[in-house]
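Chain letters run A, B, ... following the sequence lines, proteins first, then strands; residues in each count from 1. Just so it is clear, the structure is predicted and the values come from calculations on it, not from any experiment.
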There are 2 protein chains.
Amino acid sequence: MTATSATASPKGTRRRRKNDPESVRADILAVATREFSEKGLSGARIDEIAEKTRASKRMIYYYFSDKETLYLHTLEAAYQKVRLQEAELDLDHLAPLEALCRLVRFTFCHHAKNPDFIRLVMIENIHHGRFLAQSELIQSLNAGVIDVLGNVYSRGVATGCFREGLDPRELHWLISALSFFNVSNQHTFSRIFDWQQTAPENQQKLEDHVTDMVLRYVRVDREAP
Amino acid sequence: MTATSATASPKGTRRRRKNDPESVRADILAVATREFSEKGLSGARIDEIAEKTRASKRMIYYYFSDKETLYLHTLEAAYQKVRLQEAELDLDHLAPLEALCRLVRFTFCHHAKNPDFIRLVMIENIHHGRFLAQSELIQSLNAGVIDVLGNVYSRGVATGCFREGLDPRELHWLISALSFFNVSNQHTFSRIFDWQQTAPENQQKLEDHVTDMVLRYVRVDREAP
DNA sequence: TGAACAATGTACGAAATGGTACGTTCAGTC
DNA sequence: GACTGAACGTACCATTTCGTACATTGTTCA
């Protein structure tokens, strides 16, 4: 257990400040993530972030220079977090078909479980990806994702259960699209079509659809009997 | 030809104001659409919209009360415009398979051609669809979309070329997801995977993938020879 | 022609907002 | 213990930004 709240102090004693740079920085980043992902770059307010932090506004500028830099760090931290989670997925010991099935289901659920991240990516796209463009960190983080899928795919082609000629990057695009949209457009879609998209039973349906759709697309046409 | 710019006047003559409420309103809405879709609700500035308009800031408030109401009207107008374009699609005279193919390709291209609309929908989702929820207009506009797809689908089931048991609404969800993502995430995807997604040849590839994927999903499994 | 109302221009106000100046306290080093 | 740089608090500033008050011009209709 590390040093905690500086406000907790022996009663009556004049409260002494306790320096804890690491946790202050982390706290700011956590609050900023919530605020930016909720309200966007222009919608989020530095003053509000400051209020919700244990630290003060001064500290935000001390560690992050300005609003846009704070946003960039938020984005980077978010990518780092999700890619770390994804790295836990181990597909090498599975047969290609099962591996792909597992990968798709994981991607779908993983997106659904990280709406903050999805929203940050949406917001970054609204800004034409100009912050992401500044970050070599994010670029490098994501290179591996395609390789994982590429391995599964080529194993499947070798085994004869997957069609030839598909590009892993395009395949990843298809899987991402279906998983991303599930989170990004849940509000408009639910309201327009009067459909509780986020209800567990509907989420299950969609996950099955998406998985099934991808597998049907990649699998070889049914072999003649 | 209707009344035009009030700035054009016989030389030397003291410029007289010409009232043209319809076009002023339309002009404001057009500029607001660009600004909101580019920068979001909180990012767009009323003053900037006013500057880019032939009218003045006063007029914005005169016709649209406040910023949020202007945004709502922008959103409604955008939905109206795209649904009108979609209504031109006539599928009844086509065989189910061709009709579905045509519908998917149309949806994909239509999204690609209307990035402003897509961005507004993204922005609306960032706001949890709370403005869309206020608009009965938008709700009613979209009801028909499912019916069109539903008709094609049931015709296909009747003909025996489509599988049974699929829900038109869920089918629409899948088609939307693939078409929407193509526009909404083009920036991050292009940058992260170093892939010119918007290049014509890649757009063609994606359109083919998406169409093929949907058709494979809906078609009956290959009939035994 | 002249009310009466709709449409428009100009200038301004109050609050919000990003950012900073300046001073104080903490923690490690000689 | 004195010194130094990092870590932090408070108060403040300049600008932006939404919105409005007030005056003026256009248009329609009796």
Side-chain angles (χ1 to χ4, degrees), chain A residues 2-10 13-32 35-36 38-74 127 131, chain B residues 2-10 13-32 35-36 38-74 127 131:
Chain A
T2 60
T4 52
S5 167
T7 58
S9 58
T13 309
R14 168 75 188 283
R15 183 166 83 227
R16 281 170 61 88
R17 205 183 70 201
K18 195 75 202 306
N19 284 359
D20 191 357
E22 294 289 317
S23 103
V24 166
R25 225 190 102 102
D27 185 33
I28 292 174
L29 214 48
V31 175
E35 289 296 305
F36 280 129
E38 183 60 32
K39 300 169 192 173
L41 172 54
S42 42
R45 302 295 163 211
I46 292 286
D47 287 271
E48 204 170 334
I49 294 175
E51 270 177 34
K52 294 182 179 174
T53 302
R54 267 182 276 111
S56 66
K57 188 160 75 159
R58 176 72 182 77
M59 285 296 95
I60 296 175
Y61 288 96
Y62 185 70
Y63 286 117
F64 299 99
S65 310
D66 57 22
K67 196 187 185 185
E68 296 200 344
T69 306
L70 175 60
Y71 169 77
L72 178 57
H73 278 91
T74 296
H127 291 280
F131 294 94
Chain B
T2 61
T4 51
S5 167
T7 58
S9 56
T13 309
R14 168 73 187 285
R15 184 165 82 227
R16 281 170 62 86
R17 205 183 70 201
K18 196 73 203 305
N19 284 359
D20 191 356
E22 293 289 317
S23 104
V24 166
R25 225 190 103 102
D27 186 33
I28 292 174
L29 213 50
V31 175
E35 289 296 305
F36 280 130
E38 184 59 32
K39 303 168 190 173
L41 172 56
S42 42
R45 302 295 165 214
I46 292 286
D47 287 271
E48 207 172 332
I49 294 175
E51 271 176 33
K52 294 182 179 174
T53 301
R54 267 181 277 112
S56 68
K57 187 161 75 158
R58 177 70 183 77
M59 285 296 94
I60 296 175
Y61 287 96
Y62 184 69
Y63 285 117
F64 299 99
S65 307
D66 58 23
K67 196 186 185 186
E68 297 202 342
T69 306
L70 174 60
Y71 169 77
L72 178 57
H73 278 89
T74 297
H127 291 280
F131 295 93

Check your understanding: Glu22(A) has an atom CD; how far is it from atom P of dA6(D), in whole Å?
Key -> 15 Å

Exercise for review: Return the value, rounded to whole Å, for the distance between atom CD1 of Ile49(A) and atom C1' of dA16(C).
Suggested key: 15 Å

Review point. Atom CD of Glu35(A) and atom P of dT17(C): how far apart are they, to the nearest Å?
Key: 12 Å

Revision key, fill the gap. The ring-ring contact (aromatic ring centres under 6.0 Å, His included) partner of His73(B) among Phe64(B), Tyr63(B), Phe131(B) is Phe64(B)

Exercise for review: State whether the side chain of Thr74(B) and the backbone N or O of Leu70(B) hold a donor-acceptor pair below 3.5 Å, judged by distance alone.
Suggested key: yes

Review point. Lys39(B) has an atom NZ; how far is it from atom C1' of dT17(D), in whole Å?
Key: 14 Å

Exercise for review: For Tyr61(B), check ring-ring contact (aromatic ring centres under 6.0 Å, His included) against everything at least two apart and list the hits.
Suggested key: none

I'd like a table of atom pairs between the protein and nucleotides 18-22 of chain D - only N or O on both sides, under 3.5 Å - with the distance next to each one.
unit_1	atom_1	unit_2	atom_2	d
dC18(D)	OP1	Ala44(B)	O	3.4
dC18(D)	OP1	Lys67(B)	NZ	3.1
dC18(D)	OP2	Ile46(B)	N	3.1
dG19(D)	OP2	Tyr61(B)	OH	3.2
dG19(D)	OP2	Lys67(B)	N	3.0
dG19(D)	N7	Lys57(B)	NZ	2.9
dG19(D)	O6	Lys57(B)	NZ	2.4

Practice item. Return the value, rounded to whole Å, for the distance between atom CD1 of Ile60(A) and atom C1' of dG9(D). Key: 13 Å

Review point. Going through the distances and angles, do Thr53(B) and Met59(B) end up as a side chain to side chain contact (heavy atoms under 4.5 Å, CB included)?
Key: CA-CA 10 Å; Thr53(B) 301; Met59(B) 285 296 94; over 6 Å; no

Check your understanding: Hey, is the main chain of Arg45(B) close enough, under 3.5 Å, to the side chain of Lys67(B) for a donor-acceptor pair?
Key -> no

Review point. Within the structure shown, what part of the strands sits under 4.0 Å from Phe64(B) by heavy-atom distance: base, sugar-phosphate, or nothing?
Key: nothing

Check your understanding: With Lys39(B), which residues qualify under side chain to side chain donor-acceptor pair (under 3.5 Å), at least two apart?
Key -> Glu35(B), Glu48(B)

Review point. Below 4.0 angstrom from OP1 or OP2 of dG9(D), is there any side-chain N or O of Ser56(A)?
Key: yes

Exercise for review: Provide, to the nearest angstrom, the distance between the CD atom belonging to Glu51(A) and the P atom belonging to dT10(D).
Suggested key: 13 Å

Exercise for review: Provide, to the nearest angstrom, the distance between the OH atom belonging to Tyr62(B) and the P atom belonging to dG26(D).
Suggested key: 15 Å

